[in-house]
Amino acid sequence: MLVFFYEQPHKKTQPLDVAGIIWLGIFLLALMVGFQQLSSQPINYLVLGSFLCVTILSGLAFYLQERHASDPIIPIDLFHNRTFVIQNCIAALISGFIFGYEVYLSDWTQGIMGLKATFAGFAVTPTSILWMVGSFWSGKLLLKWRPQLVTGLSLIFIGFGAVSLALLPITTPLVIFWVLSTIMGIGFGLCITTSSVTSQNEVSNERIGVASSFNTLSRTLGQTLMISVFGIVLNQGMANGIKQHPQASLKLMDQLINPRTATTLPASVLPTLRQILYGALHNVFLVALLLVIAAVIVNFFDRKQIN
């Protein structure tokens, strides 16, 4: 590309959309801090409501600003393109699922299986490798199929892994996670690459940068917001389990997840702690499965034919 690619440079002077940047920054900050409040115990509903109001008002102000800006940072007419919107929604949903899968599968392999952190990371290693395979495959398929079909194929791979994670028993061996990691790696490569490439193809040349940045923002938001949601689900699941087992505590659960301290726990309490953690992780993977189901539903509405 450095040798053969040539692009005719051209200069164009436009006023910087400072107001749009400020309102977007306030909107994103209020949204993320508001979600973070959900994980606090007890929840301060006054603070949560305040951030919700700021999110709505700043979002409205940003929308009005972008409608009248001469060079908006996110042109509003991008959202008139159904395929563009749907592909970015799916990117956000699947990115949220990826976060839950990669983070909490490590908690499973360390806390339940008792593996060291380094070896536990091998459970998701095939994902990174097969992600590249899925990306290459995506490029070839997009030459023949419309994005809805390629994304649909990717969601079959991801959906299989999501359903499996939600149903796996506590005695699942590591080799099963390697198989699921391989399958989902292909799905992630197909899905994320398709959303990125389609977002760029759906806009004019001068807006490719904006489309790429918005796709990245969508994926980042999906992961960031789900940090709080998954954390709430995990903590609530462990709290419910501890209530049923007086010999357990959050301190012991923290020791269980940490490989360095797990070996110091009494053998008599380990089965109980692992059962509590399994129940909490089971809830996390059920919520993650809902994200994949939502992505399937959203993809269904992308009926645009691309020639």
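What you see is a predicted model, and the numbers here were worked out from it, not measured in a lab.
At a threshold of 4.5 Å between side-chain heavy atoms, the hydrophobic network of Ile, Leu, Val, Met, Phe, Trp and Tyr places Val284 and Leu290 in one connected group. Hydrophobic clustering places Leu165 together with Ile293 (ILVMFWY residues linked when any side-chain heavy atoms are closer than 4.5 Å, directly or through intermediates). Grouping the Ile, Leu, Val, Met, Phe, Trp and Tyr side chains by contacts below 4.5 angstrom, directly or via other members, places Leu24 with Ile22. Leu57 and Phe27 fall into different hydrophobic clusters, where Ile, Leu, Val, Met, Phe, Trp and Tyr are joined by side-chain heavy atoms under 4.5 Å apart, directly or via other members. Criterion: ILVMFWY side-chain heavy atoms under 4.5 Å apart, direct or through other members. Under it, Leu286 and Val292 are not part of a common hydrophobic cluster.
Taking all atoms of both residues into account, the shortest heavy-atom contact from Met184 to Ala162 is SD-N, 4.1 Å. The shortest heavy-atom contact between Ile192 and Ala91 is CD1-O, 4.4 Å. Shortest non-hydrogen contact noted between Leu291 and Phe97 is CD1-N, 3.6 Å. Here the shortest heavy-atom pairing between Val124 and Glu102 reads CG1-CA, 4.4 Å. In terms of heavy-atom proximity, Gly111 sits nearest to Leu256 at O-CD1, 3.3 Å. Considering all non-hydrogen atoms of both residues, Asp77 and Arg207 come closest at OD1-NH1, 2.7 Å.
Between atom CG of residue Leu141 and atom CG of residue Leu153 there is a gap of 6.5 Å, rounded to the nearest 0.5 Å. Here the OH-CD1 distance, from Tyr101 to Ile94, works out to 13.0 Å after rounding to the nearest 0.5 Å. Atoms CG and CG, on Leu180 and Leu105 in that order, are 8.5 Å from each other to the nearest 0.5 Å. Of the inter-residue distances, the one linking Thr171 atom OG1 with Met113 atom CE reads 10.0 Å to the nearest 0.5 angstrom. For the atom pair OG of Ser50 and OH of Tyr45, the computed distance is 14.0 Å after rounding to the nearest 0.5 Å. The distance from atom OG1 of Thr127 to atom CD1 of Ile183, rounded to the nearest 0.5 Å, is 10.5 Å.
Under the 4.5 Å side-chain criterion, counting only non-hydrogen atoms from C-beta, Thr224 is not in contact with Phe35. Here the side chains of Val210 and Ile73 are not in contact, with every heavy-atom distance at 4.5 Å or above. Side-chain contact check for Ile56 versus Leu60: every heavy-atom pair is 4.5 Å or farther apart. Under the 4.5 Å side-chain criterion, counting only non-hydrogen atoms from C-beta, Asn205 is in contact with Ile208. A 4.5 Å side-chain heavy-atom check between Ser195 and Ile90 finds every atom pair outside the cut-off. Residues Tyr104 and Leu234 meet the side-chain proximity criterion, which asks for heavy atoms closer than 4.5 Å.
Side chain of Gln148 to backbone of Asn299: a donor-acceptor contact under 3.5 angstrom is found. Side-chain atoms of His282 do not come within 3.5 Å of backbone N or O of Leu167 as any donor-acceptor pair. Arg274 places no side-chain N or O within 3.5 Å of a backbone atom of Ile170 that could act as its donor or acceptor partner. Judged by distance alone, the side chain of Trp178 and the main-chain N or O of Phe122 form a donor-acceptor pair under 3.5 Å. A donor-acceptor pair under 3.5 Å links the side-chain atoms of Asn240 to the main chain of Gln236, judged by distance alone. Between the side chain of Asn215 and the backbone N or O of Ala211, no donor-acceptor pair lies under 3.5 Å. Side chain of Thr172 to backbone of Pro169: a donor-acceptor contact under 3.5 angstrom is found. Under a 3.5 Å cut-off, the side chain of Glu66 and the backbone N or O of Ile74 do form a donor-acceptor pair.
By the neighbour-count criterion of 12 heavy atoms within 6.0 Å, atom CZ of Phe79 is densely surrounded, having more than that number from other residues, nucleotides or ligands. Counting non-hydrogen atoms of other residues, nucleotides and ligands closer than 6.0 Å to CH2 of Trp131 gives a total above 12.
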Intermediate values then yes/no, side-chain hydrogen bond (donor to acceptor under 3.5 Å, both in side chains), Ser212 and Gln200: CA-CA 6 Å; Ser212 301; Gln200 295 167 353; 2.9 Å; yes
Derivation of the side-chain contact (heavy atoms from CB on, under 4.5 Å) call for Ser218 and Gln87: CA-CA 10 Å; Ser218 298; Gln87 286 296 324; over 6 Å; no
Audit row: Phe230, Val103, side-chain contact (heavy atoms from CB on, under 4.5 Å) steps and yes/no: CA-CA 10 Å; Phe230 287 137; Val103 171; over 6 Å; no
Worked verdict on Ile98 versus Arg219 for side-chain contact (heavy atoms from CB on, under 4.5 Å): CA-CA 10 Å; Ile98 293 173; Arg219 301 201 308 267; over 6 Å; no
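Partner of Ser138 under the side-chain hydrogen bond (donor to acceptor under 3.5 Å, both in side chains) criterion, chosen from Thr151, Thr193, Thr194: Thr194.
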